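Right, one structure below, let's go through it.
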Amino acid sequence: MINRKWIPAGLILLVALPPLLPVLPDYWITLLNTIGLASLVVIGLVLLTGVGGMTSFGQAAFCGFGAYTTALLTTSLGLSPWLTLPIAILLTCAAAVVLGLLTVRLSGHFLPLGTLAWGISLYYLFGNLEFLGRHDGIPTVPPLSIGGWDFYDDRTVYYVIWSLTILAAVATLNLLDSRVGRSLRALKGGITAAESFGVNTRRAKLVTFVYAAFLAAVAGWAFAHVQRAVNPTPFGLGAGIDYLLMAVIGGVGHVWGAVLGAGAVILLKDQLQTLLPALFGHTGNYETIIFGVLLILLLQFARQGLWGLATRLPWGRLSFVGGLSPTGAPPPSSPSAASLSFPAPSSPTPAPLPALTKRHTPNPDAPLLEVDHVQKTFGGLMAVRDVAFTLAKGEIVALIGPNGAGKSTTFNLITGVLPPTAGAVRFQGRDITGANASEIAAMGMARSFQHVKLLPTMTVLENVMLGAHLRGKAGLARAILRRDRAEERSIRAEAMTQLDRCGLADLAQHQAGTLALGQSRVVEIARALCLDPALLLLDEPAAGLRHGEKQKLAALLTTLRAEGRSILLVEHDMDFVMNQVDRLVVMDFGAKIAEGTPDIIRDDPRVLEAYLGGIE
Ligand code: ADP
Ligand code: MG
C-alpha cells in the first residue's frame with residue numbers, strides 16, 4: 001500500500017518532468033503550456049458554474065483584461081511584468097465587480113445571455129481602441145524574467161505556467177473546503193436556505209464571480225508574456241465558449257476536472273485540426289462539429305464529465321485528488337472528545353478548540369417573539385390575515401391548521417423570507433419587520449423547512465456545518481491559505497455534537513441526497529441547532545418519521561426547552577403536538593381562529609369545525 005503522503009510529491013515530480021525529457025518535442029511542451037493556461041481559466045469556471053451555478057461565456061474577456069493591461073504597461077511604460085501582475089489583477093477584478101453587480105442578479109438564462117453580451121462587447125472594445133493597437137494588438141511584449149534571466153523558452157515558461165495552475169487548483173480546493181466555501185456551495189441549494197443561515201447570497205455570488213475573473217486575469221497576464229504579443233482573437237466569444245466546453249467535458253464542479261477538461265479539449269482539437277481537413281479534403285473548423293456532438297453525448301450519458309468517469313476507476317478514490325467532497329477529509333472529531341474537559345492521560349493533549357461565537361441572549365423583559373397582526377397577500381389571495389400571537393422564552397408553541405391555512409407563510413414572515421404586507425414582527429424586543437432572513441438569523445433565529453432544503457451533493461456533516469456559518473469568522477484569504485483549520489475543527493465538532501444529539505452521528509459522512517425524507521428533516525434540525533438559536537422554528541419536523549423516531553424527536557424538544565430555547569412548530573400529528581407543546585395557535589384560511597393550551601384547544605368547537613367540518 002502506497003503511503004498517501006507521497007502522492008502529492010509524486011504528482012509534482014510528474015508535472016515537473018516533461019520539459020526535462022529531450023525526447024518530448026517542443027511542440028508538445030507548447031501544447032502543455034496552452035493546457036496549463038486554459039486550466040487556470042477553467043478552474044475559475046468550476047467555481048463559477050459548477051459550484052455557484054452561474055454559467056459564463058465571458059471568461060475569455062477577463063483574460064483579455066489581464067493580457068492587455070500587462071502588454072500596455074510593459075511596452076509603453078517599461079514596467080516589469082512582475083509589477084504589472086498585481087495591476088492586471090486589480091483592474092480585472094474591478095471590472096469584474098462592476099460587471100458582476102450588473103449580471104449576477106440576473107436569473108435563469110438571462111445570466112449566460114448577459115455574459116455573452118459583455119463577452120462580445122469587450123472583444124470589440126479591444127479591437128477598436130487605438131491605444132490597444134486595434135485588431136493588430138500590441139506586438140513585442142517582453143518575456144518574463146527573473147534576475148536578468150529571460151523565460152524565452154517554452155521549456156522554462158512551462159514551470160511558471162504549471163506552478164500558477166497548481167497553486168490555483170490547491171487554493172481553490174482549500175477555498176471549497178472552508179466556511180466561505182460552504183457558503184458558496186450553498187448557492188446551488190437556492191438562496192432561501194443559504195440566507196436563513198446568514199449567508200449573504202448576493203455577496204457570495206459576487207465573490208465567486210470575481211474569483212473566477214481573478215484566475216482569468218492571471219492566465220491572461222501569463223499568456224501575454226508567453227506569446228510576447230496580444231491581439232483580440234484569443235479573447236473573443238469563441239474562446240469563451242471553448243472554456244465552458246472544457247469545464248463541462250472535465251466535469252464542471254471538480255477542480256482537477258478542469259485540468260482534465262482543458263487537456264482533453266486542447267489535445268483533441270489539435271489532433272482533429274490536422275486529421276479532419278485531410279479526411280474531408282478541405283480546410284475548415286470541422287472540430288467544432290465533433291465538439292458539439294461530444295458535448296451532447298456527455299450531457300446525455302456522463303453529466304459528471306471526464307472527472308466523474310475517472311473517479312469511478314479503482315484508483316479514483318485516492319484522497320489527494322478529491323473533488324468537491326474531499327473524501328480524504330480527516331475523520332470528524334467525536335462529539336465526546338469535543339466536550340471532554342480532561343482527556344485520557346494516555347492520549348496526547350489535544351489543542352483547545354477556539355470558541356465559536358455565542359448568539360444574543362434574549363432581552364428578558366420583552367416577549368421573545370411578538371407577531372403583531374401580520375398580513376400577507378399573494379395577488380388576490382390573502383394567505384395570512386391579521387395573525388397575532390406571542391411566544392415567551394422557553395415555550396413550545398404549535399401552529400396548527402388544515403393544509404393551506406397559511407402556516408408556512410407565517411413562518412416565512414417571521415424569518416424574513418417574505419416581507420409582510422401589513423403588521424409587524426418583533427424578536428427579543430426588536431422590530432424585525434422587513435429585515436432579511438440573514439439579518440434575522442444573526443439575531444438567533446433558526447428554522448427547518450417543510451420542503452427539505454439540504455445540499456444533496458454535500459455530506460450530512462457539511463450541511464450541518466453550514467448552520468454554524470454565522471458563528472465562525474474565517475474569510476476568503478484565511479481559507480485559501482489554510483489558516484482556518486482551528487476554527488473549522490470547532491465548527492465540525494459543534495456540527496457533530498448537534499448531529500449526535502439528534503441521533504444521526506452515524507450518517508455524518510453520508511451524502512445528504514441519499515437520506516430518507518424523515519432523516520433529512522432531522523438533519524435540518526441539527527443544522528438549525530448549530531446556529532445556537534434562541535428561537536427554533538420547525539415546519540412539520542415529524543412528517544415522515546417512524547414512531548420510535550418521533551419519540552426521540554419529542555425527547556430532543558424537551559431537552560431544548562430545558563436549555564431555555566423556544567420552539568415554534570407546525571405539525572399535523574396531533575398526538576405528538578398535544579403531548580409536546582405548552583400552547584397552540586390554530587389557523588384556518590389565513591386567520592387565527594383559536595389559541596390556548598392543549599386542553600382548551602382539544603374541546604374548542606371552532607377547531608373541530610375547521611378540522612372535521614363540524615362533525616362531533
Ligand atoms: P400551510 O403551510 O398552512 O399548508 P401555506 O402557508 O403554505 O399553507 O399556504 C397558504 C396559502 O398561500 C395557500 O393557498 C398557498 O397556495 C398560498 N401560497 C403560499 N405561498 C405562496 C406564494 N409564494 N405565492 C402564491 N401563493 C402562495
Ligand atoms: Mg406548510
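Each ligand, and each atom within it, is numbered from 1 in the order the structure gives. These numbers come from a predicted model, not from an experiment.
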Note: heavy atom closest to atom 15 (C) of ligand 1, options N403, T377, L418, L381, belongs to L381

Hey, looking at atom 13 (C) of ligand 1, which of S408, G379, G404 has the closest heavy atom?
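That would be G404.
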
Any N/O pair T410/ligand 1 closer than 3.5 Å: no

Inset, instruction - Please confirm whether F378 comes within less than 3.5 Å of ligand 1 when only nitrogen or oxygen atoms on both sides are compared. - result: no

Please check if a non-hydrogen protein atom sits closer than 4.0 Å to atom 7 (O) of ligand 1.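 Protein heavy atoms within 4.0 Å of atom 7 (O) of ligand 1 - there is at least one.
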
(Q) When you compare the side chain of R521 with that of P541, does any pair of heavy atoms fall below 4.5 Å? (A) no

Only heavy atoms of A383, strictly under 4.0 Å: list the atoms of ligand 1 that pass.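 Those of ligand 1 that fall under 4.0 Å from A383 are 11 (C), 12 (O).
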
Within 4.0 Å of some non-hydrogen atom of T409, the atoms of ligand 1 are 5 (P), 6 (O), 9 (O), 10 (C), 19 (C)

Any side-chain to backbone donor/acceptor pair from N463 onto T459? Under 3.5 Å, distance only.
yes

### Query
Got a donor-acceptor contact below 3.5 angstrom from the E395 side chain to the S566 backbone?
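A pair under 3.5 Å: no.
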
* To do: Taking both backbone and side-chain atoms into account, decide whether S408 has an N/O/S atom under 2.8 Å from the Mg ion (ligand 2).
  =>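 Given the 2.8 Å cut-off, S408 counts as a ligand of the Mg ion (ligand 2).
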
Quiz prompt | N/O/S atom of T409 inside 2.8 Å of the Mg ion (ligand 2), strictly under | solution = no

inquiry  = Taking the six-membered ring for Trp, are F57 and W118 closer than 6.0 Å centroid to centroid?
reply    =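 No, too far apart.
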
Taking everything shown except F110 itself, do over 12 heavy atoms lie less than 6.0 Å from its CZ?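 No, the 6.0 Å shell around CZ holds no more than 12 heavy atoms from other groups.
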
Q) For R202, does the CZ atom sit with more than 12 other heavy atoms under 6.0 Å from it, leaving out its own atoms? A)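 Not more than 12 within 6.0 Å, no.
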
Using the side-chain hydrogen bond (donor to acceptor under 3.5 Å, both in side chains) rule, take R478 and N174 through it: C-alpha gap first, then chi angles, then the decisive distance, then the call. CA-CA 9 Å; R478 264 173 76 186; N174 287 351; over 6 Å; no

